Amino acid sequence: MVMTLRSALMKNFLGASPDWYKLIIISFLVINPLVFFLVSPFVAGWLLVAEFIFTLAMALKCYPLQPGGLLAIEAILIGMTSPAHVSEEIANNLEVLLLLVFMVAGIYFMKQLLLFVFTKLLLNIHSKMLLSLAFCSVAALLSAFLDALTVVAVVISVCTGFYSIYHNVMSNKAGEDSDLSDDSGFENPDKKQTLEQFRAFLRSLLMHAGIGTALGGVMTMVGEPQNLIIAKSAGWGFVDFFLRMAPVTLPVFVCGLLVCVLVEHFSVFGYGTKLPDRVRKVLKEYDSKATEKRSRQEKVKLAVQAIIGLWLVIALAFHLAEVGLIGLSVIILATALCGITDEHAIGKAFQEALPFTALLTVFFTIVAVIIEQHLFTPVIQFVLLTSPSAQLPLFYLFNGLLSSISDNVFVGTVYINETRAALENGSISLKQFEMLAVAINTGTNLPSVATPNGQAAFLFLLTSALAPLVRMSYGRMVWMALPYTLVLTVVGLLCVQHVLAPATDWLTQWQWLTLPSLDVGALTTAH
């Protein structure tokens, strides 16, 4: 049958996405200019925001860069914003782009060390509860200094490695290229049951680690991309940011670990499955052989990477340079001292970060539309009409709700820009702005664990090659995240409402914090 031109165009448009999804995106592109010119630019702007959130929510059908990028290009063409305004937004957030490009790539060259750490944790801690706590805590610690995507990528690599080792041994297939989705070698009921138990074990570890990245990522200015945007808007350094978030993030962290203990102890929400003894034996044997084969050169590489990791922590803590430049220094040191000099080998490190970096640039186009069309001004004004004490929980909840259905980077960027505009207009005081900045940051980071849409690290896990192997579906991920979502959201809300203000006052009295920390005059001039 000869394919018509129309069929060929539809097949090519957005590739393997469902036809209904393609038709919806096409209808968006047709409707937007009509609404903009015939109804109202304000209405068209809100329609664009809703459409963009839809592309984020449907990320499993099609990566949001393509449909979101088409919407952004059309917005510029019909006059919702200008290329100059988009360039200005990108320039204002260049540090965030450099963070994604260089920091994620830098950590790629430290994967050997991170894989080594997680492997030793899994094999040497026999208690499932302690192991879950260790994965959650280590992921939180790493995410406070590294990018959450990178940490999740390392955990995925570890779990994939273990799954492939056991799968290949038990199915009598050798080699890394064997089909891990082929379970024909597990027809024996005992083997099949052990494999299902191993899958459940890996799912729980993946979720604990994923939640850990959220618990640690909210604490520091480099934990999540929107944290850096918020820190820049508020004029906070690394230590300042940590201390200002601490009244909310530290209680939430403790409660998050408590949830980890409880769900494992009571074996609820898909947790509690232990590592089968048969699997542990296979993995131990493999690790022993790998340790014996490890050469002195490889041991030196691990030591070098540990020293570079120490440099990374010190450089970030004392803000010795911009975050992206620190990441670049990690790339240079790790490649130079570990003997990686081939251009193509270095290029692989940038593959994980660049798609999301491109998507973030599209975010800034939508942000430019929001600013130019004053879309969030009524919402912000409504919240700002309430009392200062009521503003904090309202900002937290609004950010949390939006972040759980769309992307927290997008939501955080929009809200901090609007709040900064309110500061410049004299609608709020500097002290209240800084409180609201904390509410925005915690609101975008904590409730967003509810769905894979809110956390880029969760979405990365769900779309990884490992997810179908361990039977990790969208619904199962939401269900396993539910106890964490409820506890983190409620505890975060209570801390924002009742603990944040007095704790900040105490820190200021103890001279750990200095008010004001932001030059409003300079900010207004720059804006």
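Quick caveat: nothing in here was measured; it's all calculated off a predicted structure.
- Distance check: I229 CD1 to T444 OG1 gives 9.5 Å after rounding to the nearest 0.5 Å.
- When atom types are taken as modelled, the side chain of N399 and the backbone of G412 share no donor-acceptor pair closer than 3.5 angstrom.
- In this structure, F395 and Y415 have perpendicular ring planes: the angle between them is above 60°, well past the 30° mark.
- Once rounded to the nearest 0.5 Å, the distance linking CG of L131 with CG of L275 reads 8.0 Å.
- Distance alone, capped at 3.5 Å, is enough to place a donor-acceptor pair between the Y271 side chain and the M480 backbone.
- Defined by atom type and a distance below 3.5 Å, a donor-acceptor pair is present between the side-chain atoms of Q226 and N445.
- Legend: side chain to side chain donor-acceptor pair (under 3.5 Å) pairs involving residues 294-312, not counting sequence neighbours, sorted by first then second residue: Q112-Q305, W311-S329.
- Between F363 and F52, the ring centre distance stays below 6.0 Å.
- With hydrogens and angles ignored, the 3.5 Å screen pairs a side-chain donor or acceptor of T361 with a backbone N or O of T357.
- Checked against the 6.0 Å centroid threshold, F238 and F145 count as a close aromatic pair.
- Few gaps surround CG on D190; more than 12 heavy atoms of other groups in view lie less than 6.0 Å from it.
- Between F198 and H167, the ring centre distance reaches or exceeds 6.0 Å.
- For S137 (side chain) and A134 (main-chain N/O), no donor-acceptor pair under 3.5 Å exists by modelled atom type.
- Interatomic distance, S17 OG to M58 CE, rounded to the nearest 0.5 Å: 11.5 Å.
- The number of heavy atoms from other shown groups lying within 6.0 Å of NZ (K192) does not exceed 12.
- Counting non-hydrogen atoms of neighbouring residues, nucleotides and ligands closer than 6.0 angstrom, the NZ atom of K61 reaches no more than 12 such neighbours.
- Counting heavy atoms of neighbouring residues, nucleotides and ligands inside a 6.0 Å radius, atom NZ of K281 does not exceed 12 of them.
- For the residue pair R278/Y166, the side-chain donor-acceptor check at 3.5 Å is not satisfied.
- With rounding to the nearest 0.5 angstrom, the SG atom of C136 is 11.0 Å from the CG atom of L205.
- Put simply, the side chain of T489 never gets that close to the backbone of L486: no donor and acceptor are under 3.5 Å apart.
- Side chain of T55 to main chain of P64: no donor-acceptor pair is present (N/O by atom type, distance under 3.5 Å, no hydrogens or angles).
- Contact detail for D240 and W512: the closest heavy-atom pair is OD1-O, 4.5 Å.
- Side-chain atoms of K128 do not come within 3.5 Å of backbone N or O of H265 as any donor-acceptor pair.
- Atoms CG and CG, on L397 and L392 in that order, are 11.0 Å from each other to the nearest 0.5 Å.
- Side-chain atoms of S143 never come within 3.5 Å of backbone atoms of A140 as a donor-acceptor pair (strictly under, hydrogens ignored).
- Within the model, atoms CG of N188 and OG1 of T194 stand 8.5 Å from one another, a figure rounded to the nearest 0.5 Å.
- Without hydrogens or angle criteria, R203 side chain to V470 main chain gives a donor-acceptor distance under 3.5 Å.
- Residues meeting the side chain to side chain contact (heavy atoms under 4.5 Å, CB included) test with D342, sequence neighbours left out: H344, A345.
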